[in-house]
Amino acid sequence: MNFHAIASIYRFEMSRFFRTIGQSIVSPVLSTSLYFVVFGAAIGSRIEEVDGLDYGAFIVPGLIMLTILTQSVSNAAFGIYFPKFIGTIYEVLSAPISFIEIVIGYVGAAATKSFLIGLIIYITANFFVDLPVNHPGWMLAFMFLTCISFALFGFIIGIWAESFEQLQLVPLLVITPLAFLGGAFYSLSMLPPIWQTISLFNPVVYLISGFRWAFFDQADVPVFASLLAVAAFMLLCLGAIALIFRTGWKVRN
């Protein structure tokens with residue numbers, strides 16, 4: 001394992017993150033604050049409690065999960081696509097490193113970025129609501145696994161994309177709608193029975209449910225089902241990446 005190569009890719013990606021600190025950190029914090037104003041104040045004044053919890057606190061796990069899902073995908077996708085776009089990816093591919101080291105470097109950096117943003121949003125949320133965390137270890141574990149899983153998915157999108165439009169296509173048309181329909185701002189118990197059943201086919205439901213359980217000891221689905229869903233998605237992404245590299249990845253400009 002070439003740890004020097006992994007560290008070089010990781011440091012390069014993280015330095016780009018800190019160079020664009022306004023876009024990388026300030027923007028998600030502002031967006032979260034706006035969500036609290038719109039959902040917490042406007043809707044929260046009409047829906048005071050959900051499953052016995054204050055509505056403002058109830059939506060926090062969904063907001064954090066929504067942000068780290070989109071950030072993990074976009075950071076990893078852009079991280080591998082941009083070198084393709086400017087041609088520097090050939091330097092990485094010609095270096096004596098394996099695809100495993102390339103994936104660890106890019107995906108590790110993308111997951112670290114989204115994990116830090118998730119923690120910052122959690123700290124920001126505490127200024128708005130009283131936010132207990134009953135299982136802090138599980139909260140960090142769910143965040144970590146989600147960041148890694150969706151960074152792997154973003155890496156696949158970055159390999160597939162041939163333009164910046166395609167780079168944004170999946171996050172905008174797939175990830176964001178699934179997150180909004182995954183119980184980020186409501187409990188599945190509030191839905192009619194038929195829609196509760198349909199919602200169970202949305203993988204994001206399991207992520208948000210497990211993450212919310214770490215905060216409040218309440219979940220729409222069993223916590224081990226949430227863990228199984230995250231693990232299955234991660235393994236699926238790892239298998240897809242391995243298949244892409246083993247069958248010969250051709251860089252297309």
Side-chain angles (χ1 to χ4, degrees), residues 1-28 65 67-121 140-171 175 230-231 233-253:
M1 184 71 72
N2 191 337
F3 292 103
H4 180 72
I6 294 173
S8 297
I9 295 173
Y10 182 88
R11 285 196 301 267
F12 179 81
E13 288 298 303
M14 291 304 296
S15 66
R16 180 165 57 82
F17 172 72
F18 289 112
R19 284 198 304 269
T20 58
I21 198 75
Q23 177 184 351
S24 301
I25 294 179
V26 177
S27 177
M65 192 60 67
T67 303
I68 63 177
L69 287 178
T70 54
Q71 289 293 320
S72 296
V73 171
S74 61
N75 283 327
F78 185 82
I80 190 63
Y81 175 78
F82 192 68
K84 285 169 49 184
F85 180 74
I86 63 177
T88 56
I89 191 63
Y90 294 104
E91 298 176 7
V92 177
L93 294 178
S94 61
I97 57 177
S98 67
F99 81 90
I100 296 175
E101 293 151 353
I102 294 173
V103 172
I104 292 174
Y106 281 107
V107 170
T112 302
K113 296 174 192 177
S114 54
F115 189 86
L116 290 174
I117 292 172
L119 290 178
I120 291 171
I121 291 175
L140 294 175
F142 269 109
M143 283 183 62
F144 176 77
L145 290 173
T146 303
C147 290
I148 292 291
S149 300
F150 280 82
L152 288 167
F153 185 55
F155 189 86
I156 295 172
I157 295 172
I159 292 175
W160 163 78
E162 297 183 45
S163 65
F164 283 101
E165 289 77 15
Q166 290 184 346
L167 201 65
Q168 298 297 323
L169 186 66
V170 175
I175 301 299
V230 178
F233 184 71
M234 183 186 297
L235 291 174
L236 183 64
C237 290
L238 284 171
I241 291 173
L243 182 63
I244 289 170
F245 278 92
R246 290 189 183 280
T247 55
W249 173 37
K250 304 298 182 182
V251 179
R252 295 170 293 180
N253 294 319

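These values consider heavy atoms only, across backbone and side chains, with no hydrogens, waters or symmetry-generated copies.
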Calculate, to the nearest 0.5 Å, the distance between atoms CG and CD1 belonging to L116 and I121 respectively. 11.5 Å
I'd like to know if the side chain of S72 and the backbone of L69 have a donor-acceptor N/O pair within less than 3.5 Å. no
Distance from S8 atom OG to E101 atom CD, nearest 0.5 Å? 11.0 Å
Can you confirm whether F233 sits close enough to C237 that some side-chain heavy atom of one is under 4.5 Å from a side-chain heavy atom of the other? yes
Taking only distance into account, with no hydrogens and no angle test, what donor-acceptor pairs under 3.5 Å do side-chain atoms of residues 143-157 form with protein atoms, sequence neighbours excluded?
unit_1: T146; atom_1: OG1; unit_2: F142; atom_2: O; d: 2.7
unit_1: S149; atom_1: OG; unit_2: L145; atom_2: O; d: 2.7

Does any part of the side chain of F115, heavy atoms only, come nearer than 4.5 Å to the side chain of L140, both counted from C-beta? yes
If every non-hydrogen atom of I102 is compared with every non-hydrogen atom of I9, which pair is closest and at what distance? CA-CD1, 4.2 Å
If you measure from OG1 on T70 to CG on N75, what distance do you get to the nearest 0.5 Å? 9.0 Å
Those residues at least two apart in sequence (or on a different chain) that pass ring pair (Phe, Tyr, Trp, His ring centres under 6.0 Å) with F78 are F82
At what distance, to the nearest 0.5 angstrom, does CG of L236 lie from CD1 of I241? 10.0 Å
Going by heavy atoms in the side chains, are P83 and Y106 under 4.5 Å from each other? yes
So which heavy atom on A109 is nearest to which on M14, and how close? O-SD, 3.7 Å
What heavy-atom pair brings E13 and G79 nearest, and what distance separates the two atoms? OE1-CA, 3.6 Å
